[in-house]
Asks: 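I have a structure I would like to understand better, so I am pasting it below and will then ask my questions one at a time.
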Amino acid sequence: MAVSDEVDEALCANVSPARGAELILACGDLPFDYLRFLMDALDAPLVFVPGNHDADVSGWRTSRAGLPVRAGLPGEPPWPPGAVNADAAVVDVAGLRVAGLGGCLRYREGPNQYSERQQARRARRLARRAAWRRRDGRGVDVLLTHAPPQGVGDGDDPPHRGFACLHPLVARLGVPLMLHGHVHSGGAPASGVSLGETLVRNVVGRHLFDVPVAGEVVRRR
């Protein structure tokens, strides 16, 4: 199940439509309490990237003792216990390899916002990490971002313009599926857009998919 930007009140009242989801992919700008509710209600792991309205989640790492630390000091990250922060990382969860790149194009002061140059630098580092991980013969199954690629489902206003650097990132990863949020559809169903061999889909709200590890992506609902 992929979620982003908008809390699904109907799902909060009745999670039955999402029963059977094996993994939750969150594309940002959702309350962490809501994400924790989804994890608990569906008993499923969750991978997320931050959006521009989320708290600053940078700087956290796991110590040798297995404790979360930031700036060398132990603490509790703001995200739900057990959730996986995939921002600028490549993670393996529930049989899928997920690469993540959160944030949006900088339009004001605040966390999780980047200039095009800053995000391009982060994208190159992510591509190198994915190449390193590919030594085991597996590529990335899903690219998870908050903002869309420039010209592919983005908006005309400055806050909702996409990143040009996501185009070469998608090409380097050769990923079959990219999920993003950030651009609200106004209630209209989001349709997938092709970017080369990659299906790019806006998942604002809640979407359920079947995602084979290698092969065609099939929308279940």
Side-chain angles (χ1 to χ4, degrees), residues 1-8 23-31 34-35 38 46-54 57 83-91 93 96-107 110-116 118-120 122-123 126-127 130 140-209 211 217 219:
M1 180 172 74
V3 294
S4 188
D5 291 82
E6 297 175 357
V7 172
D8 189 328
L23 175 65
I24 305 165
L25 298 171
C27 292
D29 282 358
L30 285 170
Y34 176 63
L35 298 184
L38 294 178
L46 183 142
V47 178
F48 76 94
V49 293
N52 52 297
H53 294 299
D54 289 323
V57 298
V84 178
N85 177 11
D87 187 28
V90 179
V91 300
V93 182
L96 293 178
R97 179 159 291 178
V98 180
L101 201 66
C104 76
L105 194 63
R106 181 172 295 282
Y107 65 97
N112 309 315
Q113 298 180 51
Y114 305 95
S115 68
E116 180 68 46
Q118 289 171 325
Q119 191 75 324
R122 282 167 28 95
L126 179 63
V140 173
D141 299 301
V142 182
L143 174 59
L144 201 64
T145 70
H146 181 61
Q150 186 181 78
V152 184
D154 60 346
D156 296 327
D157 57 321
H160 296 103
R161 289 176 185 156
F163 284 110
C165 62
L166 292 178
H167 287 256
L169 176 62
V170 166
R172 287 185 66 180
L173 295 181
V175 63
L177 176 64
M178 175 182 176
L179 304 178
H180 72 84
H182 192 51
V183 181
H184 294 256
S185 61
S191 58
V193 179
S194 293
L195 180 57
E197 298 297 318
T198 300
L199 176 65
V200 179
R201 188 177 289 278
N202 183 337
V203 294
V204 167
R206 176 251 302 178
H207 300 256
L208 290 169
F209 297 92
V211 185
V217 177
R219 183 167 185 179

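The figures here come from the full heavy-atom set of this structure, side chains too, leaving out hydrogens, waters and symmetry mates.
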Asks: Could you work out, with side-chain contact (heavy atoms from CB on, under 4.5 Å) as the rule, every residue matching Ala83, not counting sequence neighbours?
Replies: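 Checked Ala83 against side-chain contact (heavy atoms from CB on, under 4.5 Å); matches are Met39, Leu46, Phe48, Trp79, Pro80.
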Asks: Looking at NE2 of His146 and OG of Ser4, how far apart are the two atoms once the value is rounded to the nearest 0.5 Å?
Replies: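 Here the rounded value is 6.0 Å.
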Asks: Which residue pairs pass the side-chain hydrogen bond (donor to acceptor under 3.5 Å, both in side chains) test when at least one of the two sits in residues 158-169, sequence neighbours left out?
Replies: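 Found Asp157-His160.
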Asks: Between Met178 and Leu166, is there a side-chain heavy-atom distance shorter than 4.5 Å?
Replies: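 Answer yes - side chains close enough.
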Asks: Given side chains that start at C-beta, do those of Val7 and Pro31 come closer than 4.5 Å, heavy atoms only?
Replies: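 A side-chain contact under 4.5 Å exists here.
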Asks: Examine distances only and state if a side-chain atom of Asp54 and a backbone atom of Asn112 form a donor-acceptor pair shorter than 3.5 Å.
Replies: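 Not confirmed, Asp54 side chain does not pair with Asn112 backbone.
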Asks: Just so I know, are the side chains of Leu23 and Met1 near enough to count as touching, which here means a heavy-atom distance under 4.5 Å?
Replies: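 No, their side chains stay 4.5 Å or more apart.
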Asks: Picking from Asp141, Val98, Val211, Thr198, what satisfies side-chain contact (heavy atoms from CB on, under 4.5 Å) with Leu177?
Replies: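 In the set Asp141, Val98, Val211, Thr198, the residue that makes a side-chain contact (heavy atoms from CB on, under 4.5 Å) with Leu177 is Val211.
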Asks: Taking all heavy atoms of Ala127 and all of Arg172, pick out the closest pair and write down the distance.
Replies: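 Looking at all heavy atoms of both residues, the closest pair is CB-CZ, 3.5 Å.
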Asks: Is a side-chain N or O of Asn202 found less than 3.5 angstrom from the main chain of Val183, in a donor-acceptor match?
Replies: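 Judged by distance alone, yes, a pair lies under 3.5 Å.
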Asks: Using modelled atom types and a 3.5 Å cut-off, is there a donor and acceptor pairing between side-chain atoms of Arg106 and backbone atoms of Gln113?
Replies: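 Yes: the side chain of Arg106 pairs with the backbone of Gln113.
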Asks: Looking at every non-hydrogen atom in both residues, tell me the closest pair between Val49 and Gly100 and how far apart they are.
Replies: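 Heavy atoms only, the tightest pair is CG1-CA, 3.7 Å.
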Asks: Identify the heavy atoms of Leu101 and Arg122 that sit nearest to each other, and give their distance.
Replies: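 Minimum heavy-atom contact is CD1-NH2, 3.7 Å.
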Asks: Check Cys27 against Leu144 and note the closest heavy-atom contact, atom names and distance.
Replies: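 The answer is SG-CD1, 3.4 Å.
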Asks: Is there side-chain contact between Val3 and Asp8, with at least one heavy-atom pair below 4.5 Å?
Replies: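 No. Closest side-chain heavy atoms not under 4.5 Å.
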Asks: Taking all heavy atoms of Gly181 and all of Pro148, pick out the closest pair and write down the distance.
Replies: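 It is O-CD, 4.2 Å.
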Asks: Less than 4.5 Å apart, any side-chain heavy atom of Leu143 and any of Leu126?
Replies: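 Yes, at least one pair of side-chain atoms sits under 4.5 Å.
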Asks: Are side-chain heavy atoms of Asp154 and Phe163 found at a separation under 4.5 Å?
Replies: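 Not in contact.
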Asks: Do Gln119 and Leu105 have side chains that approach each other closer than 4.5 Å (heavy atoms only, starting at C-beta)?
Replies: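 No, their side chains stay 4.5 Å or more apart.
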Asks: Taking only residues two or more places apart in sequence, or in another chain, which ones meet Ala164 in a side-chain contact (heavy atoms from CB on, under 4.5 Å)?
Replies: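 Expected list: Glu116, Gln150.
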Asks: Sub-3.5 Å donor-acceptor pair from the side chain of Asp5 to the main-chain atoms of His182, do we have one?
Replies: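 Pair found, side chain donor or acceptor close to backbone of His182.
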Asks: Could you pull out the closest heavy-atom pair between Pro159 and Cys104, with the gap in Å?
Replies: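 Of all heavy-atom pairs spanning Pro159 and Cys104, the closest is O-SG, 4.4 Å.
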Asks: Quick one: does Asp29's side chain get under 4.5 Å of Val204's, heavy atoms only?
Replies: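 No, side chains not in contact.
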